[in-house]
Amino acid sequence: MINIEAITQARHALKGHIITTPCTWTENLSRLCDCELYLKLENLQLTGSFKARGALNKLLSLNEAERAVGVIAASAGNHAQGVAHAARLLGIRAFIVMPETTPLSKLSGTRELGAEVIVHGGGYDEAYDKARELQQQHGYTFVHAFDDPQVIAGQGTIGLEIVEQLPEVDAVVVPVGGGGLISGIATAIKSIKPEVEIIGIEAERIAAMKQSVTLGKITALPMANTLADGISVARVGRQTLPIVRKWVSQIVTVNEEEIAGAVMALLEKEKILAEGAGAVGLAALFQQRLPMLKGKKVVVVVSGGNIDLTRLAHIIDRGLELDGRLARIKIVVPDKPVSIAELAAIVAAQQANIEEITQNRHAGNVGLEETELELLLQTRGKEHVAALIEAIRMRGYKVSGT
């Protein structure tokens with residue numbers, strides 16, 4: 001199990017190579033979360049995530065013979081870019097096995113940093129098995145994404161920064177996948193300020209650490225797709241589980257819509273771009289999963305910002321729909337050209353905006369001389385949508401929201 005000395009050594013080794021990321025107070029989100037909320041912005045770290053710390057600390061520990069052979073890693077994206085960046089900085093050849101589900105932005109980002117990428121498997125664990133196979137064949141040094149003392153110590157430097165930036169911190173909320181990030185942060189902070197509460201957040205679809213802590217042993221889960229792909233790990237680490245059991249007070253989970261809402265809130269309210277894994281801590285606070293933190297000084301670690309733009313667009317659209325600012329409604333109207341004009345006039349009178357209109361004459365609820373129109377609308381919120389639907393009904397149309 002790592003200790004504070006290893007983390008302090010890692011900080012010295014990394015000095016000048018990584019960014020001391022800001023830990024900023026957010027007035028808007030503090031009010032919404034009912035606590036004094038600070039964001040530790042690891043999305044601003046080199047390569048866009050905290051992984052640069054652990055990867056570089058590991059590669060700096062290699063001897064000349066190990067550097068000459070090269071390194072290999074398995075990753076869904078952020079660790080890949082961290083290893084690729086560190087390898088390029090030190091002149092080491094790097095091979096990265098990435099699962100087929102990896103977002104394109106992370107694949108291309110890793111290649112641009114000079115690593116040789118092998119795409120294999122439906123998830124992290126299959127990519128991991130392939131990387132281990134290649135390691136055995138070629139003698140590369142394996143750089144584990146989370147279950148390695150040097151990697152954990154590198155991530156722990158975040159904890160040292162948090163204590164210095166906010167000495168009066170009451171709780172730190174950390175995303176959890178394999179456990180490397182929270183293990184390092186917890187070890188650092190608990191060694192200096194044991195009264196600080198460390199809380200882990202996982203994606204509900206693949207909460208491997210929560211299950212392993214509950215059962216007292218490593219328990220693998222089936223792989224699952226999640227917006228929080230950076231913490232989509234089916235089996236936690238042998239070194240991380242004991243640390244989490246010792247230092248972490250609790251682990252809670254958040255679902256996909258809650259993650260999407262947090263990504264959108266960070267972008268809209270704070271102009272902070274976070275990937276799904278980086279937003280899970282805020283999602284838990286938004287959903288009142290951590291009521292014990294009310295009124296306390298809380299740091300949420302925004303672990304990364306490497307989100308695929310296509311996925312981001314989907315999250316924004318979904319978030320607008322959940323918030324009522326993007327609405328789909330279906331209306332049965334007489335199958336006449338004037339019907340669309342009449343509906344458009346109603347929508348305009350209610351100060352909404354039509355983005356799309358589609359027509360379906362074969363819908364099951366329409367008569368022979370009727371058609372169903374589906375409108376995609378920009379609105380001001382759920383109350384506005386309700387008022388618009390009522391205005392359409394008052395004109396004698398059958399209407400429903402979708």
Side-chain angles (χ1 to χ4, degrees), residues 6-7 9-21 42-99 102-121 124 127-158 177-178 180-181 184 229-230 233 237 275 303-306:
I7 296 171
Q9 290 171 9
R11 189 177 196 187
H12 178 75
L14 295 175
K15 187 176 181 179
H17 297 301
I18 58 101
I19 297 167
T20 299
T21 55
E42 283 296 297
N43 60 314
L44 301 180
Q45 189 53 260
L46 299 172
T47 74
S49 100
F50 74 96
K51 292 286 191 178
R53 297 175 184 260
L56 182 54
N57 193 50
K58 173 66 176 180
L59 267 62
L60 285 168
S61 73
L62 301 182
N63 61 39
E64 289 302 319
E66 290 169 328
R67 293 187 183 197
V69 175
V71 298
I72 192 165
S75 171
N78 286 335
H79 179 59
Q81 292 179 79
V83 171
H85 168 75
R88 184 170 69 173
L89 183 68
L90 300 176
I92 300 171
R93 192 176 183 189
F95 302 86
I96 315 291
V97 184
M98 307 182 77
T102 303
L104 179 60
S105 61
K106 293 183 179 181
L107 282 169
S108 59
T110 304
R111 290 191 174 107
E112 287 168 7
L113 287 166
E116 298 183 42
V117 175
I118 302 102
V119 178
H120 178 85
Y124 169 79
Y128 172 86
D129 290 340
K130 182 65 174 179
R132 283 297 193 186
E133 177 187 324
L134 293 171
Q135 176 204 13
Q136 293 297 319
Q137 291 176 5
H138 301 285
Y140 307 132
T141 294
F142 189 83
V143 184
H144 202 288
F146 51 83
D147 207 23
D148 181 285
Q150 296 291 340
V151 170
I152 296 170
Q155 322 305 24
T157 59
I158 298 170
L181 176 62
D229 57 276
V233 176
E275 59 190 274
S303 57
N306 295 319

Worksheet, complete the sentence: On a heavy-atom basis, the closest approach of A13 and L60 is O-CD1, 3.7 Å
Worksheet, complete the sentence: The reported gap from OG1 in T20 to CG in L14 (rounded to nearest 0.5 angstrom) is 10.0 Å
Practice prompt. With rounding to the nearest 0.5 Å, note down the distance linking CD1 in I72 to CD in E133.
Written response: 9.5 Å
Discussion item. D148: which residues meet the side-chain hydrogen bond (donor to acceptor under 3.5 Å, both in side chains) condition with it, sequence neighbours left out?
Written reply: K58
Response to the item:
Heavy-atom nearest pair, Q150 first then S61, reads CG-OG, 3.9 Å
Worksheet entry | T157 side, atom OG1; K15 side, atom NZ - distance, nearest 0.5 Å | 13.5 Å
Worksheet item: How far apart are the C-alpha atoms of F50 and Q45, what are their side-chain angles, what is the distance that settles it, and do they pass the side-chain contact (heavy atoms from CB on, under 4.5 Å) test?
Response: CA-CA 6 Å; F50 74 96; Q45 189 53 260; 5.7 Å; no
Discussion item. Quick check: do R132 and D129 have side-chain heavy atoms less than 4.5 Å from each other?
Written reply: no
Worksheet item: Do the side chains of L113 and Q81 get nearer than 4.5 Å, heavy atoms only?
Response: yes
Fill in: Where at least one partner belongs to residues 56-99, residue pairs that pass ring-ring contact (aromatic ring centres under 6.0 Å, His included), sequence neighbours excluded
F95-Y140
Discussion item. Tell me the closest heavy-atom pair linking A153 and A10, and the distance in Å.
Written reply: O-CB, 3.7 Å
Worksheet item: Does the side chain of L181 reach to within under 4.5 Å of the side chain of S303, using non-hydrogen atoms?
Response: yes
Item to complete: Would you check if I96 and I118 make a side-chain contact, meaning some heavy-atom pair closer than 4.5 Å?
Response: no
Item to complete: May I have the step-by-step check of salt bridge (charged side-chain N to carboxylate O under 4.0 Å, His left out) for E42 and R53, ending in yes or no?
Response: CA-CA 10 Å; E42 283 296 297; R53 297 175 184 260; 2.7 Å; yes
Worksheet item: Do V119 and L107 touch side chain to side chain, with heavy atoms closer than 4.5 Å?
Response: yes
Practice prompt. With rounding to the nearest 0.5 Å, note down the distance linking CD1 in I18 to OG1 in T47.
Written response: 11.0 Å
Practice prompt. Without swapping roles, check the side chain of D147 against the backbone of G178 for a donor-acceptor pair under 3.5 Å.
Written response: no
Worksheet item: Say you draw a straight line from CG of L90 to CG of L62; how long is it, rounded to the nearest 0.5 Å?
Response: 8.5 Å
Worksheet item: If you look at every heavy atom in A73 and V83, which pair is closest and at what distance?
Response: CB-CG2, 4.1 Å
Practice prompt. State, with a plain yes or no, whether a side-chain heavy atom of F146 is found less than 4.5 Å away from one of V151.
Written response: no
Discussion item. Ignoring hydrogens, what is the shortest heavy-atom contact between T110 and A80? Give both atom names and the distance.
Written reply: OG1-CB, 3.5 Å
Worksheet item: Do you know which of R93, R88, R111 makes salt bridge (charged side-chain N to carboxylate O under 4.0 Å, His left out) with E116?
Response: R93
Worksheet item: Do I152 and I7 touch side chain to side chain, with heavy atoms closer than 4.5 Å?
Response: no
Discussion item. Quick one, T141 and V69 - any side-chain contact, counting heavy atoms below 4.5 Å?
Written reply: no
Fill in: Over all atoms of both residues, closest heavy-atom pair of T102 and K106
CG2-CB, 3.8 Å
Practice prompt. Establish, from distance only, whether the side-chain atoms of E275 and N78 form a donor-acceptor pair under 3.5 Å.
Written response: yes
